[in-house]
Student: 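Below is the structure I would like to discuss, written out as structure tokens.
Since the model is a prediction, treat every value here as computed from it, not as a measurement.
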Amino acid sequence: MSDNTYVKREKDWRNGAIVYQVLVDRFSPSHHLKKKKLFYQFPRTLKPWDQKPEPGTFVKEAKYWSHELDFWGGDLQSVMSRLEYLTYLNIDCLYLNPIHES
């Protein structure tokens with residue numbers, strides 16, 4: 001590699017950046033949890049925000065473990081409502097995990 005390549009890499013903002021990873025579903029409660037219940041019908045479950053994740057059982061009809069279908073309803077609006085907190089952490093990059101069945 002040329003010296004120029006090393007200089008460019010050294011100046012890259014990602015070099016030494018503080019990346020904060022957010023699991024959107026669990027980061028902050030949505031202000032619209034009651035409205036969201038329609039989106040979490042069997043075999044999915046919308047859990048109360050203060051309930052801790054627990055090991056599940058195998059759901060034959062869904063071919064998933066029940067804990068893989070548990071959701072807490074966090075959304076992008078709830079993440080945005082916490083931007084002041086994220087700014088306080090002095091992070092450089094916010095990495096949002098996708099919300100999907102896992």
Student: List the atom of A62, the atom of P43, and the distance in Å for their closest heavy-atom pair.
Tutor: CB-CG, 3.5 Å
Student: Measure the spacing between CG of D75 and CZ of F39 and express it to the nearest 0.5 Å.
Tutor: 10.5 Å
Student: Between atom CZ of R44 and atom CG of D70, what is the distance when rounded to the nearest 0.5 Å?
Tutor: 12.0 Å
Student: Working to the nearest 0.5 Å, report the span between CD1 of I91 and CG of L86.
Tutor: 5.0 Å
Student: Just by modelled atom types, is the T57 backbone N or O under 3.5 Å from a matching donor or acceptor in the S66 side chain?
Tutor: yes
Student: Are L83 and L89 joined in one hydrophobic group, where the rule is that I, L, V, M, F, W and Y side chains link up if heavy atoms are under 4.5 Å apart?
Tutor: yes
Student: For atom OH of Y88, decide whether the heavy atoms of other residues, nucleotides or ligands shown that lie under 6.0 angstrom number more than 12.
Tutor: no
Student: Rounded to the nearest 0.5 Å, what separates atom NZ in K37 from atom OG1 in T45?
Tutor: 10.0 Å
Student: Closest approach of P53 and R26, non-hydrogen atoms and distance?
Tutor: CD-NH2, 4.1 Å
Student: In Å, rounded to the nearest 0.5 Å, how long is the span from CH2 of W49 to OG of S28?
Tutor: 6.0 Å
Student: Where is the tightest heavy-atom contact between E54 and H67, given as atom of each residue plus distance?
Tutor: O-CB, 3.3 Å
Student: Report yes if the side chains of Y64 and V59 come closer than 4.5 Å at any heavy-atom pair, otherwise no.
Tutor: no
Student: Taking the inter-plane angle between the rings of Y40 and F71 on a 0 to 90° scale, is it parallel (under 30°), tilted (30 to 60°) or perpendicular (over 60°)?
Tutor: tilted
Student: Run N90 and I18 through side chain to side chain contact (heavy atoms under 4.5 Å, CB included) and show every step you take.
Tutor: CA-CA 8 Å; N90 202 27; I18 298 171; 5.7 Å; no
Student: Quick check on the hydrophobic clustering: are Y20 and M80 connected, directly or via other members, by side-chain heavy-atom contacts under 4.5 Å?
Tutor: yes
Student: Does atom CD of Q51 have more than 12 heavy-atom neighbours from other groups under 6.0 Å away?
Tutor: yes
Student: With rounding to the nearest 0.5 Å, note down the distance linking CG in D92 to CZ in R14.
Tutor: 12.5 Å
Student: Only counting residues at least two apart or in another chain, list the ones meeting ring-ring contact (aromatic ring centres under 6.0 Å, His included) with Y85.
Tutor: none
Student: Find out if a path of hydrophobic residues (ILVMFWY) with successive side-chain heavy-atom gaps under 4.5 Å connects L96 to F27.
Tutor: yes
Student: Same hydrophobic cluster for V24 and L94, using side-chain heavy-atom links shorter than 4.5 Å among ILVMFWY?
Tutor: yes
